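In what follows, every heavy atom counts, from backbone to side chain, and hydrogens, waters and symmetry copies are set aside. Given the structure is predicted, the values throughout are model-derived calculations rather than measurements. Counting begins at 1 with the first residue of the sequence.
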Amino acid sequence: MPRYLITGGAGFIGANLAHTLVDRGETVRILDDFSTGRPENLRGIEERIEILRGDIRDPAIMSRAVNGVEVILHQAALNSNPRSIQEPVQTNDVNVGGTLTLLQAARAAGTRRVVYASSSSVYGEVAGLPKTEDMPTAPKAPYGVSKLAAEQYCRVFTQVYGIETVSLRYFNVYGPRQHPDSEYAAVIPRFLRRMLAGKRPVIFGDGEQSRDFTPVDNVVAANLLAAHSREGIGEVMNIAGGTSSTLNQLVAWLNEVLGTDLTPLYEPPRPADIRHSYASIRKAEALLGYRPQLGVQEGLRRTVEWFR
């Protein structure tokens, strides 16, 4: 029986988790509907893992997926503020309904722990930096609302049913296996796709908006700590680098790594885009022993190598 189930295991973060766990000799099952997850993300390990194709909202497939599993790393979601504005009902169905279906299946199967991938989007534009977990939450788009609702379900399932849950609020994760081709793609793969083709990167706004860009290696490490930590059960924690970088800085660093000199094209800001965001990671440090393994610039170098 596999020890780990990764939902969304063919996606960007899920596949990085799968590769790391397989390299450690762990037994892994993934569940993915392959709507955004890609088989090539699992290249090299597909014979060493169990792959289930299905939707996390389907109780029957979810029951099969959790059978015999000790730890669930729940990455599956519709991950995009802009997409959620276009598709609020589907975002809610997948991110809230799917998480609830998973928690019910985990409860029935006696799964020990669920590590839930939440998002910095839950904070919205609430005043004050860095973002700390005791701040008010005020999401600006249905995506953030859905992530916050699913966090609450995790907390309640710990309190009421005794399932160990840990919710990790990711901040602007980037790295190898991140897909650049969707209109909802994250900023770093979008920049890279254009810059590698000799085109100017597009920034929505003036480029002085800032983010806590987090290499995926740090997020993988946080998940594995959260899977087995004795602390933090029923809690939410920021997972980030604890630093702030503007989009203009990001372009300058990418130009440096790529050996290019491409100036950004500036477009009007998008609805629901947040101006500034960076995280306090003290809670994750204290409860999980989390320490960022990679800084932003080293993460960018590794990402460029992979995209090339």
Side-chain angles (χ1 to χ4, degrees), residues 1-33 37 41-42 45-77 95 98-118 150-170 216-237 239 284 287-290:
M1 280 291 181
R3 188 180 187 198
Y4 291 89
L5 168 68
I6 307 170
T7 68
F12 158 48
I13 297 172
N16 278 285
L17 279 164
H19 279 267
T20 300
L21 287 167
V22 168
D23 287 346
R24 292 185 175 196
E26 297 287 359
T27 50
V28 176
R29 175 185 292 151
I30 74 157
L31 173 65
D32 204 299
D33 67 358
N41 283 344
L42 302 171
I45 62 167
E46 58 269 78
E47 303 300 323
R48 298 158 68 190
I49 61 176
E50 183 184 347
I51 300 173
L52 289 181
R53 182 182 289 266
D55 191 314
I56 58 169
R57 294 170 290 182
D58 179 344
I61 193 73
M62 205 66 249
S63 180
R64 276 181 62 202
V66 301
N67 182 42
V69 165
E70 181 191 340
V71 176
I72 300 171
L73 304 174
H74 179 30
Q75 313 300 310
N95 295 357
T99 300
L100 184 54
T101 301
L102 178 148
L103 289 167
Q104 282 280 61
R107 176 186 166 210
T111 302
R112 180 177 65 80
R113 185 164 300 191
V114 176
V115 181
Y116 171 61
S118 187
E151 275 185 13
Q152 296 289 0
Y153 269 121
C154 288
R155 181 183 59 78
V156 165
F157 266 68
T158 294
Q159 290 181 345
V160 176
Y161 304 116
I163 293 176
E164 298 176 0
T165 67
V166 183
S167 295
L168 305 179
R169 290 176 177 169
Y170 300 164
V216 70
D217 305 62
N218 297 344
V219 169
V220 168
N223 271 270
L224 301 188
L225 289 167
H228 300 289
S229 171
R230 292 181 181 179
E231 305 291 332
I233 309 301
E235 298 283 344
V236 297
M237 279 164 261
I239 300 300
L287 296 181
L288 303 182
Y290 168 74

Okay, side chain of [X], backbone of [Y]: is any donor-acceptor separation there less than 3.5 Å?
X	Y	result
Thr7	Ala76	yes
Thr27	Arg3	yes
His74	Ser167	no
Thr158	Ile233	no
Arg112	His228	no
Asn95	Ala77	no
Asn67	Ser63	no
Asp32	Ala10	yes
Thr111	Glu70	no
Ser118	Leu168	no

[atom1]-[atom2] distance between [X] and [Y], expressed to the nearest 0.5 angstrom:
X	Y	atom1	atom2	result
Asp33	Arg57	CG	CZ	7.5 Å
Glu26	Arg48	CD	CZ	12.0 Å
Glu46	Asn41	CD	CG	11.0 Å
His19	Ile49	NE2	CD1	7.5 Å
Met62	Gln104	CE	CD	12.0 Å
Leu73	Arg113	CG	CZ	11.0 Å

For [X] and [Y], which heavy atoms make the closest approach, and how far apart are they?
X	Y	value
Met237	Ala284	SD-CA, 3.8 Å
Ala227	Val71	CB-CG1, 3.8 Å
Ala65	Leu31	CB-CD2, 4.1 Å
Cys154	Leu103	N-CD1, 4.0 Å
Ile61	Arg53	CD1-O, 3.9 Å

Which label fits Phe157 and Tyr153: parallel for a plane angle under 30°, tilted from 30 to 60°, or perpendicular past 60°?
perpendicular

Chi angles and distances behind the side chain to side chain contact (heavy atoms under 4.5 Å, CB included) call for Tyr116, Thr165:
CA-CA 7 Å; Tyr116 171 61; Thr165 67; over 6 Å; no

[X] versus [Y]: any side-chain heavy-atom pair under 4.5 Å?
X	Y	value
Leu5	Val66	yes
Phe12	Val216	yes
Tyr170	Ile13	yes
Leu42	Ile30	yes
Leu21	Ile6	yes

Would Val219 and Leu17 count as a side chain to side chain contact (heavy atoms under 4.5 Å, CB included) here? Give the steps.
CA-CA 9 Å; Val219 169; Leu17 279 164; over 6 Å; no

